[in-house]
Amino acid sequence: MAFRRRTKSYPLFSQEFVIHNHADIGFCLVLCVLIGLMFEVTAKTAFLFILPQYNVSVPTADSEMVYYHYGPKDLVTILFYVFITIILHAVVQEYILDKISKRLHLSKVKHSKFNESGQLAVFHLSSVTWCFYVVVTVLWRPRPWHSHACLQDHKIDALCLAAGGLVFPATAEEGYITNPRSLWEDYPHVYLSFQVKFFYLCQLAYWLHTLPELYFQKVRKEEVPRQLQYICLYLVHVAGAYLLNLSRLGLVLLLLQYSTEFLFYTARLFYFADENNEKLFNAWAATFGVTRLFILTLAVLAIGFGLARTENQTFDPEKGNFNSLLCRLLVLLLLCTAQAWLMWRFIHSQLRHWRERWTEQSAKRRLPATPRLPARLTKRETGYHENGVVKAENGASPRTKKLKSP
């Protein structure tokens, strides 16, 4: 399965060979894992790569529900989906972006930015769709309590279902949007649904795959620090929400962030197609500040007020509880610092853009208009030429001037 048409062959396992064939190498590794599913001896190991681990089955009145929590085996699953993401990256690059960029005839700098914007626009669109589906449709997932706590401390008119020494109260279907209090209620949110856990694993796999892609795509040295900044920023926030059991709050914040970023990278794509098209940039600039405000408000509401008023405020990593004053302050400090940094970069880029436009407009106004040279007046003789002799309009030859004798 060749993703790129190559006219030149490189030495086996050389640097250029790995760069030009990294998608094919990743596809071979994925194929080996899929072949392992066909044999009983290797099927159990292959499932570690493909499916999320640490599942807990909870019997209900009608059927059985499956919950998940995180553990060290998730690193194996993330590694497998890193290779899946590398393959998808090459497919989007080969069959979509390369065909469009050939028609646009972009320079090397714009071509690199066009590829980056195209890849991130596709990722943010798929992430926004998936995240919105999870936020709207995923059930409110309760945490396990002991049986006496469920019956005494929580007055729930529903059936308490015992599973593995733990009790899960059966609750009504409520999404995160219809019930915002579920973002912090019953923390820690140790047990996740399949959709939520798989979403976080794919998010971590994508942002981890962007690190080797900097090498595979031969990104310029000037662009590497800028891209490393937002890659590390996303990795820290996604991994923090996953490991600190703040998955519900993380889903809503990622939905807001990805929606704004999708608008930005779409605006860049339209700008490369037509440099005069800046309407989407204006829409992105209007929504950027509003998004920062919503993210800070939800973070302070959920962490600063919601978790601070819960009864269980102890630091217990074994049970997944990080609801202590120090942890809440660190999380809020990280979120506020990141949002302030993004806002400062946004203001700085907008001021620079306005300064450049003002300089161009002032330069055009100061440029003096080039004066036109006056046409040289030439005295024309009245009449017309006939056989080399000037004739008057009435047909008579013009009278010759007499020269004065000295």
Donor-acceptor contacts under 3.5 Å from residues 341-352 side chains, at least two apart:
| from | atom 1 | to | atom 2 | distance (Å) |
| --- | --- | --- | --- | --- |
| S349 | OG | R345 | O | 3.2 |
| S349 | OG | F346 | O | 2.8 |

Residues 260-271 side chain polar contacts: donor-acceptor under 3.5 Å, at least two apart:
| from | atom 1 | to | atom 2 | distance (Å) |
| --- | --- | --- | --- | --- |
| T260 | OG1 | L256 | O | 3.2 |
| T260 | OG1 | T291 | OG1 | 2.8 |
| E261 | OE2 | Q257 | NE2 | 3.4 |
| T266 | OG1 | F262 | O | 2.6 |
| R268 | NE | S117 | OG | 3.2 |

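Annotation for L255 and C131: closest pair CB-SG, 3.8 Å, computed over non-hydrogen atoms.
Contacts of W184 classified as side chain to side chain donor-acceptor pair (under 3.5 Å), with partners at least two apart in sequence or in another chain: none. With sequence neighbours excluded, the residues that form a side chain to side chain contact (heavy atoms under 4.5 Å, CB included) with A338 are L233, H237.
Taking CD1 from I84 and CD1 from I78, the interatomic distance works out to 14.0 Å, rounded to the nearest 0.5 Å.
A salt bridge does not link E223 to K218: none of the charged side-chain nitrogens sits closer than 4.0 Å to a carboxylate oxygen. By the 4.0 Å N-to-carboxylate-O rule, R226 lies close enough to E116 to be salt-bridged with it.
D98 and Q93 form a side-chain donor-acceptor contact under 3.5 Å, judged by distance and modelled atom types alone.
The main-chain N or O of L243 is found under 3.5 Å from a side-chain atom of Y70 such that the two form a donor-acceptor pair. Not a single donor-acceptor pair under 3.5 Å links the side chain of Q227 to the backbone N or O of L214. Proximity of a side-chain donor or acceptor of N323 to a complementary backbone N or O of N312 within less than 3.5 Å is detected. A donor-acceptor contact shorter than 3.5 Å is absent between the side chain of Y258 and the backbone of L125.
Using a 30° and 60° split on the angle between ring planes, W284 and F281 fall in the perpendicular class, above 60°.
Judged as a side chain to side chain donor-acceptor pair (under 3.5 Å), not a single pair has a partner in residues 27-46 (not counting sequence neighbours). Evaluation of the ring pair (Phe, Tyr, Trp, His ring centres under 6.0 Å) test over residues 38-64, restricted to residues two or more places apart or in two chains, returns Y54-H69.
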Test log, rule ring-ring contact (aromatic ring centres under 6.0 Å, His included), inputs Y187 and H189 | CA-CA 5 Å; Y187 180 85; H189 309 140; 5.8 Å; yes
